[in-house]
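Take a look at the following structure, please.
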Amino acid sequence: MFYIRLILLNILIINAGLLFAGEVHEFTLNNGLQLIVKEDHRAPVVVSQVWYKVGSSYEMAGKTGLSHMLEHMMFKGTKNYPLGEFSRIMSINGASENAFTSYDYTVYYQMLEKSRLPLSFEMEADRMRNLILTKEEFLKERKVVTEERRVRTEDKPTRRTYEHFLATAYQTSPYQNPIIGWMNDIESYNLADLEQWYQYWYAPNNAIVIVVGDVKAQSVLELAQQHFGILPSLEVAKVANRPEIEQLGSKRLNIQLPAKVPYLVMGYKVPALNTVDKIDYWEIAALDVISYLLDGGKSARFSKNLVRGQEIAVNASAGYDPFSRLTDLFTFRATPTQSHTVIELETALREQVQQLQTTLVEKSELERIKNKIRASQIYEMDSLFYQAIKIGMLEAIGLNWQLFDQYVASIKLVTAEQVQTVANKYLIDKNLTIATLEPQALNQTQSTSGVTE
Amino acid sequence: MKNQIILLLLLSNVSFSVVAIPTIQHWQTQTGASVYFVPAPDLPMIDIEITFDAGNARDGDKLGIADLTNDLLNEGAGDYTVDEIAETLENIGAELSFSVSHDRATISLRSLTEENLLQPAVNMLAILLAQANFNSTAFNRVKQQMIVALEYQQQSPATIAKKAFYKAIFTSHPYANLKSGTLESIQALTYEDVQAFYKNYYVAKNMTIAMVGAINRKQAEQLAEKISVKLPAGEKAMLLPAVAALTQAQEIHIDYPSTQTHILIGQPGLARGEADYFVLYVGNYILGGSGLVSQLSQEVREKRGLSYSTYSYFFPRRVAGPFIVSAKTRNKQAEQAIEVVMETLVKFVKNGPTETELNEAKQSITGGFPLRIAENSNIIAYLSIIGFYNLPLDYLHKFNDKIEAVTLEMIKKAFKTKLHLDKLVTVTVGKKIIQNDN
């Protein structure tokens, strides 16, 4: 019931080796449903996730946010489990459960004591095909979603700046639209749109079930056959091909909103694993290395040079998602200190890019990144949820989960020359969009009744 | 704030016969630090969480000093510059983080357990704790960052509401202030202030060391000594004053150009270790602590579509922490949302939950217990809390029994005793819209 975009990629990326060292089991049921099981016997619990290959980047103009709205409606009941029952039954079974929508997928998940996995499968299989959508619940839940949009975006100047930044950076790509949808669209799509969206995408042959925990793969397979296996395979819609057209020069926008603190966002169009040929995977790994060089910790360049050093930024971050389905953005987000302007900050960030283009990175910096990745691969094993996410985020965009392994290995092979090459190829003005938040007056007045003292 | 809520929930469930509940090992170091340890041999990693009784409730009249001091620990220590500290730790894949809440100042280290990685990580941790040097470059820079953070708070209606709410329910108590201080107080902080705060509170007797990881008892003892041996023994921080009960109801509205009104309703609530803790926990779980199935969510969100998230919680602290009911809704629905929240709250305090609600809540809490201690990150959070607040070492083992023991009568009585509905504080932040009948 919340949406996130997995821009946690700096964290998520780091997990291959060990994750895939062990017991991952992959099955495909007769109806096309994919089942992936990873055994982790540390505690008597299990994480169960159902991934649907549909997200906001599948939506068309005027209907943005439909995937996320449907995610909300999936909790509204079936014939077997009427309104309210899903959450109530999960609750009395001690489950921790939720769902999220992203650009490229929609995910429903529970964490449960291991003996309750059948309950998860039964109820997920049920709502995969038997959802009852009523007008009454739809109208009410739409109000909830507009409140969600208000709390997440409307009243947050930095979030709105970022939303407008994406809408400007992308010309034709569906990544130009917010996952939750534009307010106009949320207020105008109808029950028939939702019904159609559900029929288009919610089928066993468009779903991946991922289970991580204290289970035996073979019994999970039997359980899946029992619950998901009985659903018929259906014709699933095809996602429209809407590639981003070539950008022909830099773009700039200035956002004026009531706020207090200026804010800067920069983004360069870059490829992802899914958008390049195998032979070019090193480019993706090298871009990833750049995100670590700039923002991989307190010793990384942004923190060392911009926050400390020049003392020009209060904070500065770099973001890159090698696992997006479509062409993506390599982003910087930063807040200037009070003694500097956003323009000066932009110049400082560009200097950091320039340095990557002109000067080979130090061996010690590359070495540090490799050590960091190695440690994170182990730390990530502590979380069942993330172990499942790491599998799903590749499979849901059509990549094999095992690619993760190879990819992380390839990060460790990136050379200083390769870093320089991709910096010169992609981090250039032609691919750049810049957004600034220029704060406008923001007033507040307090009134109190029933005053003490 | 979000983390605090999670912590509360996390600490509130337990017991299940099939689960291996970790046995907590406890001892003191030579300099007087309290250690809490659980071995976790499955992954070659360790979590170490150091807690000082040095949260922002210790700010006194130097608001912001607790946060500033904590922030500065890794900005230079011993012979190491800030860059050297960061590089040393990141070269070996260690992760270090810092945080301050009203009660606690925390330093967390995550490291691999290979000797050649763990030892340098712990050595550095020990140096930061005992030999932070608070150089003037870092001091001025971090102060500037805090000032921008305060400006930033002014564009967040959620923070504006929280600030006003704490001020109103805690009045002159140290809990009335946020850790961020005020523009004036931050500007006035001096190098000597930080030195004095550090000397007073970052001492062994005021320190709790929690450890979960792939080491044995002997290694744990050595690590704990290493971490604490350079610190002066010092003294435990003095008791915080008791929180006074409110004497009358209060409504505060802050007019603000947001599309939503942020609503906070509440009063002082509960201290850690209080006898009614489990009773109030279970009661609140039903009222507003169990996500979509809670009464508040059902009434405000599920039945009426008024809000994306509505919840209530007791946040237990060293002395009475806040009881908070929260909702956010578009401005023109604010009055209606408050009405629904109040109706639900009043009814709950008056009648308590139903038998079915209580049974389902118990099933939910006890059935979910294995999830709460499934990962090292869960266990370290428990250890820290149990250690810092001197909760019994068998806290986890007894938890489900305590949940099961809660009755309808106990909930009714505890809510009536604890909450005074005629003295609630209501804070609203948003654009006030006067409703006509329509």
Side-chain angles (χ1 to χ4, degrees), chain A residues 42-45 75 84 87-88 91-96 111-113 140-141 143-144 146-148 150-151 154-155 157 258-261 296-299 303-304 308 311 314 335 337-338 367-368 371-372 374-376 378-379 381-384 442-453, chain B residues 18-19 42-45 82-83 86-87 90-93 110 112 141 144-145 147-148 151-152 154-155 157 160 164 171 246-260 290-293 301-302 305 307-308 328-330 360 363-364 366-371 373-377:
Chain A
R42 287 180 302 149
V45 300
F75 292 82
S87 296
R88 192 186 71 88
S91 175
I92 59 179
N93 280 280
S96 144
M111 187 171 179
L112 313 113
E113 188 274 317
K140 224 163 35 185
E141 198 60 24
K143 286 179 67 189
V144 171
T146 64
E147 295 300 339
E148 182 180 355
R150 285 186 181 88
V151 73
E154 298 289 327
D155 291 336
K260 286 288 184 184
V261 182
K298 204 167 164 124
S299 70
S303 184
K304 184 175 176 176
R308 303 193 299 277
E311 296 194 4
V314 172
T335 306
T337 54
Q338 285 185 328
E367 204 51 42
R368 191 178 306 138
N371 291 337
K372 191 181 174 66
R374 175 172 172 267
S376 303
I378 292 167
Y379 301 152
M381 304 273 293
D382 191 38
S383 167
L384 297 180
L442 173 63
N443 298 314
Q444 48 172 300
T445 49
Q446 179 166 340
S447 53
T448 306
S449 65
V451 189
T452 42
E453 295 159 305
Chain B
V18 301
V19 188
D42 292 331
L43 298 174
M45 56 181 268
V82 54
D83 289 347
E87 282 167 18
E90 287 169 13
N91 279 341
I92 53 176
R110 182 168 259 200
L112 299 177
R141 170 168 40 78
Q144 287 308 310
Q145 290 169 351
I147 287 167
V148 176
E151 291 285 339
Y152 190 83
Q154 294 302 306
Q155 64 189 54
I160 293 169
T171 61
L246 296 174
T247 55
Q248 65 181 101
Q250 207 186 132
E251 285 177 20
I252 297 167
H253 175 71
I254 297 173
D255 215 61
Y256 186 87
S258 49
T259 66
Q260 272 189 328
S290 47
L292 284 191
V293 301
R301 173 171 163 157
E302 294 301 291
S307 186
Y308 174 59
K328 304 165 196 76
T329 190
R330 69 193 82 177
E360 293 192 349
Q363 271 181 279
S364 177
T366 57
F369 173 67
L371 281 55
I373 54 168
E375 296 165 2
N376 293 2
S377 61

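Below, read A as the first sequence line, B as the second, and so on, with proteins coming before strands; counting in each chain starts at 1. Bear in mind the structure is a predicted one, so any value in this text is a computation, not a measurement.
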| Non-hydrogen atoms of chain B under 4.5 Å away: do they reach the side chain of E311(A), the backbone, both or neither? | side chain
| Which heavy-atom pair separates G305(B) from V144(A) by the least distance, and what is that distance? | CA-CG2, 3.6 Å
| request: Could you look at S258(B) and say if it's the side chain, the backbone, both or neither that has a heavy atom under 4.5 Å from chain A? | output: both
| query | Given the options A95(A), A259(A), S91(A), which has more heavy-atom pairs under 4.5 Å with chain B than any of the others? | reply | S91(A)
| Any side-chain heavy-atom pair of M45(B) and M381(A) under 4.5 Å | no
| query | Among I160(B), D42(B), V82(B), L112(B), which residue forms the greatest number of heavy-atom pairs with chain A at distances under 4.5 Å? | reply | L112(B)
| L384(A) vs E375(B), side-chain contact (heavy atoms from CB on, under 4.5 Å): CA-CA, chis, key distance, verdict | CA-CA 8 Å; L384(A) 297 180; E375(B) 296 165 2; 4.0 Å; yes
| Straight-line distance of I254(B) CD1 to Q446(A) CD, nearest 0.5 Å | 4.0 Å
| task | Against chain B, label S303(A) side chain, backbone, both or neither, depending on which of its atoms sit under 4.5 Å from a heavy atom there. | result | neither
| Tell me, side chain or backbone of L112(A) under 4.5 Å from chain B's heavy atoms, or both, or neither? | backbone
| said: If I measure from the heavy atoms of chain A, does Q144(B) come under 4.5 Å with its side chain, its backbone, both, or neither? | reply: side chain
| said: Between R110(B) and D382(A), does any side-chain N to carboxylate O distance fall below 4.0 Å? | reply: yes
| field | Residue pair E251(B) / T448(A), side-chain heavy-atom distance below 4.5 Å | value | no
| Hey, mind stepping through E90(B) and R368(A) against salt bridge (charged side-chain N to carboxylate O under 4.0 Å, His left out) and telling me if it holds? | CA-CA 6 Å; E90(B) 287 169 13; R368(A) 191 178 306 138; 5.4 Å; no
| field | Check against salt bridge (charged side-chain N to carboxylate O under 4.0 Å, His left out), K328(B) and E147(A) | value | CA-CA 8 Å; K328(B) 304 165 196 76; E147(A) 295 300 339; over 6 Å; no
| field | Electrostatic pair E141(A):R301(B) at N-O distance under 4.0 angstrom | value | yes
| Taking C-beta and beyond as the side chain, do P257(B) and L442(A) meet within less than 4.5 Å on heavy atoms? | yes
| query | Going from CZ on R150(A) to OG1 on T329(B), what distance comes out if it is rounded to the nearest 0.5 angstrom? | reply | 7.5 Å
| message | Taking every non-hydrogen pair under 4.5 Å, which of A43(A), S447(A), S96(A) racks up the most with chain B? | response | S447(A)
| Between I92(A), T335(A), T337(A), N371(A), which residue shows the highest count of heavy-atom pairs closer than 4.5 Å to chain B? | I92(A)
| Does the side chain of E154(A) pick up a donor-acceptor pair with the side chain of Q260(B) at under 3.5 Å? | no
| query | Any Lys/Arg nitrogen of R88(A) or E360(B) sitting under 4.0 Å from an Asp/Glu carboxylate oxygen of the other? | reply | yes
| request: Under 4.5 Å heavy-atom distance to chain B, tell me which part of V45(A) shows up: side chain, backbone, both or neither. | output: side chain
| field | Residues K143(A), R330(B); criterion side-chain contact (heavy atoms from CB on, under 4.5 Å); working and verdict | value | CA-CA 10 Å; K143(A) 286 179 67 189; R330(B) 69 193 82 177; 3.8 Å; yes
| field | Contact leader toward chain B among S383(A), P157(A), G297(A), S299(A), where contacts are heavy-atom pairs under 4.5 Å | value | S299(A)
| With only heavy atoms counted, which part of L43(B) is less than 4.5 Å from chain A, the side chain, the backbone, both or neither? | side chain
| task | Would you indicate whether Y152(B), at its atom OH, is surrounded by more than 12 heavy atoms from other residues, nucleotides or ligands within a distance under 6.0 Å? | result | no
| Which one of A374(B), A164(B), A86(B), S364(B) has the most heavy-atom pairs closer than 4.5 Å to chain A? | S364(B)
| message | Applying side-chain contact (heavy atoms from CB on, under 4.5 Å) to Q155(B) and V261(A), what does each step give before you reach the verdict? | response | CA-CA 8 Å; Q155(B) 64 189 54; V261(A) 182; 4.0 Å; yes
| remark: Counting heavy-atom pairs under 4.5 Å with chain A, the top scorer among D255(B), V148(B), V293(B) is D255(B)
| query | Can you check whether Q444(A) reaches Q154(B) side chain to side chain, under 4.5 Å on heavy atoms? | reply | yes
| Can E87(B) and K304(A) be counted as an ion pair, charged N to O under 4.0 angstrom? | yes
